[in-house]
Amino acid sequence: MRTRYNELLTCFSLREVLKEDESGSLKATVDDILFQAKRKRVFEGHGQVRLGMMRHLFVIIDSSRSMEDQDLKPNRLTSTLKLMEFFVEEYFDQNPISQIGIITTKNKRAEKLTDLAGNPKKHIAALKKAVDGTCVGEPSLYNSLNVAMQTLKHMPAHTSKEILVIFSSLTTCDPANIYELIKTLNALKIRVSVIGLSAEVRVCTILTRETGGSYNVILDESHFKELLMLHVKPPPASSSSECSLIRMGFPQHVIASISDQDAKPSFSMSHLDSTSEPGLTLGGYFCPQCRAKYTELPVECKVCGLTLVSAPHLARSFHHLFPLEAFQETPLEEYEGERFCEACQGELKDKSIFTCQACKKVFCVECDLFIHDTLHCCPGCMQTDRTS
Amino acid sequence: FRLNIEGLLVYFPYDYIYPEQYSYMLELKRTLDAKVCYNPFIKLISSCMQYAYPLEVTKLVYCSRTVPEIEKVVEELRKLMDYYAKQTGVKNDFLALALSSRKNLCIHPEVSSLRFGKEVDGKCHSLTASYIRAQHHSNPSQPVCQFFEEFDAVGRQVPIPPGIYNLDDLKDFGRRKGWCPYFLARYAILHANIVVYSYHYLLDPKIADLVSKELAKKSVVVFDEAHNIDNVCIDSMSVNITRRTLDRCQTNVETLQNTISRIKETDAAKLREEYRRLVEGLKEANVARETDIYLSNPVLPDEILQEAVPGSIRTAEHFVGFIKRFLEYLKARLRIHHVVQESAPQFLKDIYEKVCIDRKPLRFCAERLRSLLRTLEIADIADFSAITLISHFATLVSTYSKGFTIIIEPFEDRTPTIANPVLHFSCMDPSIAIKPVFGRFQSVIITSGTLSPLDIYPRILDFRPVTMASFTMTLARTCLCPLIVGRGNDQVAMTSKFETREDFAVIRNYGNLLLEMSAIVPDGIVAFFTSYIYMENIVASWYEQGILENIQRNKLIFIETQDAAETSMALEKYQEACENGRGAILLSVARGKVSEGIDFVHHFGRAVIMFGVPYVYTQSRILKARLEYLRDQFQIRENDFLTFDAMRHAAQCVGRAIRGKTDYGLMIFADKRYARADKRGKLPRWIQEHLTDGSLNLTIDETVQLSKHFLRQMAQPFRREDQLGLSLLTLEQLQSEDMLQKIAQIAQQA
């Protein structure tokens with residue numbers, strides 16, 4: 001999170017620099033537009049919208065010949081996979097009750113790297129392994145979307161179904177008319193977003209527009225990362241999606257010592273899939289419904305299908321529902337008052353200051369971004385709450 | 001919203017306006033009582049239209065080039081009128097319509113199924129000519145066109161209800177009423193407020209005489225896409241005669257002869273009547289011209305009208321004999337083995353010496369033939385196109401001593417062994433065809449996106465412009481990226497110069513450029529070559545070198561050919577490939593069909609590559625003659641004209657990619673000669689402005705880097721709000737003081 005906020009800062013200062021540059025009008029205007037879009041993005045979606053908290057996301061990674069291009073260092077594939085690792089971690093951090101799956105496409109074929117699952121470790125391991133893969137042939141948008149769709153269409157209607165395509169090539173090799181597939185995706189309410197690594201491709205524009213996703217093209221690595229991070233936040237749920245109550249289990253962690261007579265060592269259920277975990281353990285999480293044992297949360301119970309989470313997980317996704325209001329931006333000259341930031345206590349030197357609408361405390365740019373991106377609560381308000 | 005332009009209220013149907021549009025309207029307002037020469041970027045149709053309305057100019061004649069263009073104009077107009085009606089609440093009796101050929105308008109089930117325009121015209125004529133219909137009265141089995149009959153019976157009395165009609169609307173209306181839409185439209189243009197049709201209806205003397213001669217003097221004439229107007233003028237006045245034409249003419253003459261002898265037996269009075277008419281001369285036509293009802297026909301000069309048809313060709317037999325002699329003379333002339341070039345007076349002198357044909361009867365040839373065909377009640381005019389052509393030639397050659405040249409070539413340059421003699425009667429001076437238009441109408445507006453440099457147009461068309469202005473584009477982001485690629489990565493200069501065009505290294509570098517671009521440009525790329533032969537050579541060479549195969553890994557390749565059907569098929573597939581993400585390259589030719597009439601909006605053309613400078617084929621004798629004429633008459637140096645011509649075509653080609661402010665595209669000029677000041681300076685202003693020193697004489701690698709960067713920048717989200725205030729204005733913004741000042745700078749008086 002820290003890095004992201006640093007990027008926003010650099011962008012801020014970049015803008016200042018470029019504004020003075022008369023000749024480089026192109027870059028200045030485009031950056032200006034970008035910056036405005038970014039600020040808007042930070043604050044848009046605030047207000048009471050329903051968010052799809054239970055997400056099923058398939059990430060499609062293009063592994064075609066064009067991924068060998070070295071305009072991202074060391075090459076597009078390595079750079080992308082690195083960022084993906086980070087993304088997966090971040091994703092589960094923010095969406096604890098969601099799942100992710102990874103698909104790669106090359107040589108006109110699509111291949112499922114990992115299935116939809118809620119455990120980051122497995123995905124990250126798969127991503128690490130994929131670095132050594134070769135990039136050959138052309139990608140197939142149709143085939144990969146189809147693979148993702150086959151799984152996603154069985155997901156319950158109250159969950160948010162998403163596909164994120166990281167598309168490096170400028171062409172796609174499809175076995176059938178992709179517009180038919182887009183229609184099907186639209187009917188199934190699967191949202192497809194695309195991050196392009198080279199340029200704007202028409203078919204992606206249509207794909208994202210029809211399915212309600214977003215389409216962005218990267219400028220450089222840091223912009224890539226930023227665009228990827230946009231997909232960490234849960235998207236607003238479509239109004240037509242069902243509401244339903246979901247049964248969830250909150251198993252308590254049982255810690256037993258060897259000295260305890262009742263404790264019997266046992267295997268966890270996840271041991272069935274992988275042998276990398278330690279075998280017999282005493283403690284763990286026990287499903288409140290069927291008493292199956294797990295060593296990690298969140299997980300879907302293999303026996304009875306109950307979603308098992310811990311309370312802190314749910315709490316962590318809480319801030320998405322009640323985001324902090326945007327602070328009001330005012331030029332520094334117009335502000336009359338003591339010129340120091342409420343949060344960092346530094347002197348206010350930037351062109352504009354930010355005022356919290358609730359407690360009327362002022363903040364500097366850096367703190368404003370930090371509060372909205374990381375803290376999700378206003379320090380000023382917290383203080384007043386306590387004192388009153 | 002409503003705008004107030006220096007006291008004139010203009011209704012504008014959109015919520016936003018481009019600053020250029022405002023500026024254009026301003027200029028238009030200031031100068032709308034004379035000839036104007038403009039250079040806008042965007043189609044400013046609606047502003048012209050607006051203009052017509054509040055000023056209550058009786059009539060606006062809007063000439064465009066292709067049928068799709070015409071349709072576009074009509075759609076704009078419809079929007080404007082809807083808006084106007086909504087604003088004022090008055091349903092006005094405003095009539096606007098599009099006119100096109102019979103082929104596009106015919107609703108007769110049999111006739112409309114024919115494929116070629118000429119066939120449709122001929123068939124139509126055989127069903128609607130006056131004597132056919134007269135015969136139908138006595139003999140009902142003679143087929144006629146029921147739509148025309150219906151129209152003729154009632155259509156003229158009942159005016160067409162006010163509204164906006166495009167071609168399909170006219171057809172619908174015709175079907176509903178059972179009237180012929182073509183004749184309906186032709187009749188309706190007389191009282192329509194706005195007429196939209198092709199240039200030829202005004203410039204080509206043969207057609208203009210039929211269609212446009214009764215247009216009111218107070219009309220305002222607009223030529224859109226007029227960068228090629230001089231060529232259209234020249235084409236409309238030039239005649240090419242091949243041996244085939246002469247053979248067909250021979251048949252025509254025989255038919256005429258037979259018909260005459262037949263009629264003589266049955267109805268000699270008819271011929272006598274004609275003779276009497278001809279003695280009286282063409283006085284009738286003269287009267288009409290003096291009262292200024294008609295558009296003067298350049299083929300028919302004033303003097304002719306005052307005289308009677310000379311006695312030597314007054315009777316039908318004599319005339320046919322005369323034509324025969326003329327024909328034999330032409331045949332003899334075509335039987336040569338070396339190239340001959342001579343002026344019109346030389347030709348006349350020769351014809352007098354050889355076959356004793358005087359200048360005077362020649363001048364009346366066209367009129368006399370027309371009269372004869374009418375008298376003989378020949379049904380199918382299309383069959384007589386050959387003899388008509390010859391008669392036109394006779395009249396033209398004897399009428400104009402200046403501005404024309406005659407070139408007889410015994411064979412084509414490319415195939416010197418095959419005898420294929422052609423007589424070119426070629427017009428050198430575009431001002432001859434356009435003069436009646438300038439002379440007659442109150443205001444003439446010439447406008448196009450690529451009129452550049454402006455000052456050459458008044459010179460070659462011989463008029464004094466009241467206002468000339470060129471406009472830049474205001475852009476919220478730099479959506480065009482012109483790059484001049486001069487070298488390959490191996491530093492070999494890239495050029496289509498004649499001496500090096502066969503060079504292996506040059507061809508390879510061109511191939512590499514296309515290959516590299518195909519890997520980084522999304523969706524569609526359009527590549528233009530200087531000629532079909534050059535394209536064929538290069539593509540063959542690329543195939544041998546394996547470059548083509550590599551390109552096909554990135555994109556599909558389509559090629560424009562001289563066959564229209566094949567080309568439109570290729571175009572369709574090209575668009576399909578762009579649409580579904582496969583990506584495609586269209587290889588086409590500057591001056592071809594693709595470069596002139598087809599737009600590659602958005603993803604259909606993300607990059608245009610211009611391989612070489614599209615100079616016209618300079619060895620052509622017709623061109624040489626024209627250059628000589630330009631130098632002697634207008635003091636335009638050959639080189640200046642050639643460069644001007646090449647650059648306007650290059651601009652036309654690359655301009656295909658950008659068709660609006662939200663569009664973006666690369667423009668790659670792959671020839672080092674583009675970097676020279678004389679070439680660069682002749683590009684339109686809106687391209688020049690974005691051509692910085694950093695984008696000249698690049699290598700392929702540099703081009704790829706710049707393009708990649710540009711494409712990424714352009715792919716960033718771009719919304720209407722970003723444009724507002726910069727390149728898109730609301731009414732409030734328009735009225736602010738400093739915006740008005742900025743707008744004043746957009747129009748550059750040339």
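Proteins come first, then strands; the chains are lettered A, B, ... in the order of their sequence lines, and each starts at number 1.
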Side chain to side chain contact (heavy atoms under 4.5 Å, CB included) between B/Arg606 and A/Arg202, intermediate numbers included
CA-CA 10 Å; B/Arg606 282 295 179 221; A/Arg202 175 67 177 181; over 6 Å; no
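- Atom NZ of B/Lys555 is separated from atom OG1 of A/Thr171 by 7.0 Å, given to the nearest 0.5 angstrom.
- With chain B as partner, the option from A/Asp220, A/Leu197, A/Ile206 having the largest number of non-hydrogen pairs under 4.5 angstrom is A/Leu197.
- The residue among A/Thr205, A/Asp69, A/Leu141, A/Val217 with the most heavy atom pairs within less than 4.5 Å of chain B is A/Val217.
- Enclosure of atom NZ in A/Lys82 is not indicated, since only 12 or fewer non-hydrogen atoms of other residues, nucleotides or ligands lie within 6.0 angstrom.
- Neither the backbone nor the side chain of B/Ala577 comes within contact range of chain A; no heavy atoms are under 4.5 Å apart.
- Among all heavy-atom pairs drawn from A/Glu200 and B/Ala715, the shortest one is CB-CB, 3.8 Å.
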Kindly indicate, with the supporting measurements, whether the criterion side chain to side chain contact (heavy atoms under 4.5 Å, CB included) is fulfilled by B/Glu579 and A/Tyr179.
CA-CA 10 Å; B/Glu579 193 66 52; A/Tyr179 290 92; 3.4 Å; yes
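- Only the side chain of A/Asp174 has a heavy atom closer than 4.5 Å to any heavy atom of chain B.
- Residues B/Ile520 and A/Ser198 form no side-chain contact, since every pair of their non-hydrogen atoms from C-beta on lies 4.5 Å or further apart.
- Taking all atoms of both residues into account, the shortest heavy-atom contact from B/Gly581 to A/Val203 is CA-CG1, 3.8 Å.
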Decide side chain to side chain contact (heavy atoms under 4.5 Å, CB included) for A/Leu219 and B/Gln716; before the verdict, give the C-alpha distance in whole Å, the side-chain angles of both, and the deciding distance to 0.1 Å.
CA-CA 9 Å; A/Leu219 290 172; B/Gln716 300 312 314; 3.5 Å; yes
So A/Arg65 and B/Asn554, side chain to side chain contact (heavy atoms under 4.5 Å, CB included) or not? Walk me through it.
CA-CA 11 Å; A/Arg65 192 160 36 96; B/Asn554 297 324; 3.8 Å; yes
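- The local environment of CD in B/Glu549 is sparse, with at most 12 non-hydrogen atoms from other residues, nucleotides or ligands closer than 6.0 Å.
- Atom NZ of A/Lys108 has 12 or fewer neighbouring heavy atoms from other residues, nucleotides or ligands inside a 6.0 Å radius.
- For A/Arg109, the CZ atom counts as loosely surrounded, since its 6.0 Å shell holds 12 or fewer non-hydrogen atoms of other residues, nucleotides or ligands.
- Here the closest non-hydrogen pair linking A/Thr172 and B/Asn580 is CG2-O, 4.1 Å.
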